[in-house]
Amino acid sequence: MGTRNQFADIILVVVGVVLIRWAVSLNPYSGADVPPMYGDYEAQRHWMEITTNLPIEQWYMNSTDNDLLYWGLDYPPITAYHSWLCGKVADYINPDWVALKSSRGYESSQHKLFMRYTVLVVDLLLYIPATLAFFLWTLKDQTDGEKLVCAAVALLYPGLALIDHGHFQYNNASLGFALWAIVALATGHDLLGSIGFVLALNYKQMELYHAMPFFCYLLGRCFYSKDENGFLKLIKIGVTVIITFALCWLPFLSDIDLLVQVVHRLFPFDRGLFEDKVSNIWCSLEVLFKIRRILSQQSLVQLSLATTVGCLLPSSVELLLRPNVQKFKLALVNSSLIFFLFSYQVHEKSILIAALPVCLILHQYSFGCTWFLLVSTFSMLPLLIKDGLILPYAALCLLFYLAVNVSQSEWFTSKPNPSPHIVIQLLFWASMCGATLLSAASVTMTPPARYPDLFPVLVSVYSCGHFVLFLIWFHYLQFTTPWSSEVKVQQRKFEAHTGVKKSKGKKKSHKVE
């Protein structure tokens, strides 16, 4: 594919993805016309209001001007800085949008347009370029056209579009930073990858779901490094991480009480084990055992910590001892899915964190990953129904399924994934039929008065069962993936595409570099 034609194809993909996201944004958003708290749309607007009108040392502090019970800021500093930037633009366009106190619950067509644009800008500046970079710079043994098709399909994942552009959030920001970090590591640029992940973590603390694979992969790379001293490499990574963290938190480091308050806001244990009907182990067990009544909050924190760490160890240790990029991607899936299933204070939208690395291996395991991504979207059904997003939910899931299948046809790839066994195909269709029936019942049927949450609970348990089985499968993939060199090959591809060269060491690289 020529450079000019490739650029035109990239533009075509970006335009198509943007149009789909914009179509989703025409639907209702979280908490529209539902006072007094409204929803996540109002939370994001309120953070713009607070950061625009109050000094930085008051952003996380409770006061008469900043009632923390009304959508108090509870995300890390980069989210606050982003809110401040958007708030300044909003204040320039129409000060009423972010007027202190009087703007609570502000809703207008012009403001909705502005808010939707802010999410789209993050997509265009961060998430979409990172996705294109990953597939164009890191994939092997595929033509540029095939790589672009893979990127387009990954960008059609319905869950992220529905939550960010429908429900309304900025998950594309933290996921975009994380994806750039993955691109950097996959192309042999460990320091840049470290910076990228620190930025992701300081945008949303839920990026802790990805932290263990990043730590183990980088540490393993230091163990096996032969182009430079491994200990020196570890020191450089550590210093880079500390400096990046310090810069992100700089305005809050001068006052220890302020620093403690910010950290407290980021980890509010008093909110409980889970929120709403999330598709994880604890919510599913609650159907049989009222675990939140049986155990104290401290015991629940300890239980969730022990199970999360215990389940993380096999995947993490294996990655530490046998680090390569493919195992790293699979470990990201396993780590984030374990956090989603077992950790404390999980939201239904956190499944998007596990969906990101699954999108990155979609081209390799198209059948299983498509299945997972469809179920991950289905698991958020109660939220999507609440927000009035059932129509785009159905349309995007169908579009995504068709796009994956077309991408695996001989028109778009010379190496399609092999078809799974007929039994697996039958299980997939049975799974999809179950999800479809539950979706239809949730929309059309009234639950018994005795069980008002019947359908959300069924969706939760049904999805959780799938996720446990997927977790076993992804572990199998990680542990059976060969331990071979990838970084040097990916680095050469990166340099060929960008012209950016990395300095070479004096010694030849070890095979697991």
Could you tell me whether the side chains of [X] and [Y] share a donor-acceptor contact shorter than 3.5 Å?
X    : Y    : answer
Y29  : Q169 : no
Q364 : Q326 : yes
W97  : S103 : no
Q261 : H264 : no

Please answer whether the main-chain N or O of W59 pairs with a side-chain N or O of N66 as donor and acceptor at a distance below 3.5 Å. yes
Pair [X] and [Y], ring centroids less than 6.0 Å apart:
X   : Y    : value
H82 : Y203 : yes
Y41 : H111 : yes
H46 : Y38  : no

Between Y70 and R104, is there a cation-pi geometry (under 6.0 Å to ring centre, at most 45° from the normal)? yes
Identify, with sequence neighbours excluded, every residue that meets side chain to side chain contact (heavy atoms under 4.5 Å, CB included) alongside P420. F367, I424, Q425
Grab the two heavy atoms, one from F467 and one from L337, that are nearest each other, plus how far apart they are. O-CD2, 3.7 Å
Give the intermediate values and the outcome of side-chain hydrogen bond (donor to acceptor under 3.5 Å, both in side chains) for residues S431 and H466. CA-CA 9 Å; S431 168; H466 281 75; 2.6 Å; yes
Sequence neighbours excluded, which residues qualify as ring-ring contact (aromatic ring centres under 6.0 Å, His included) partners of Y393? none
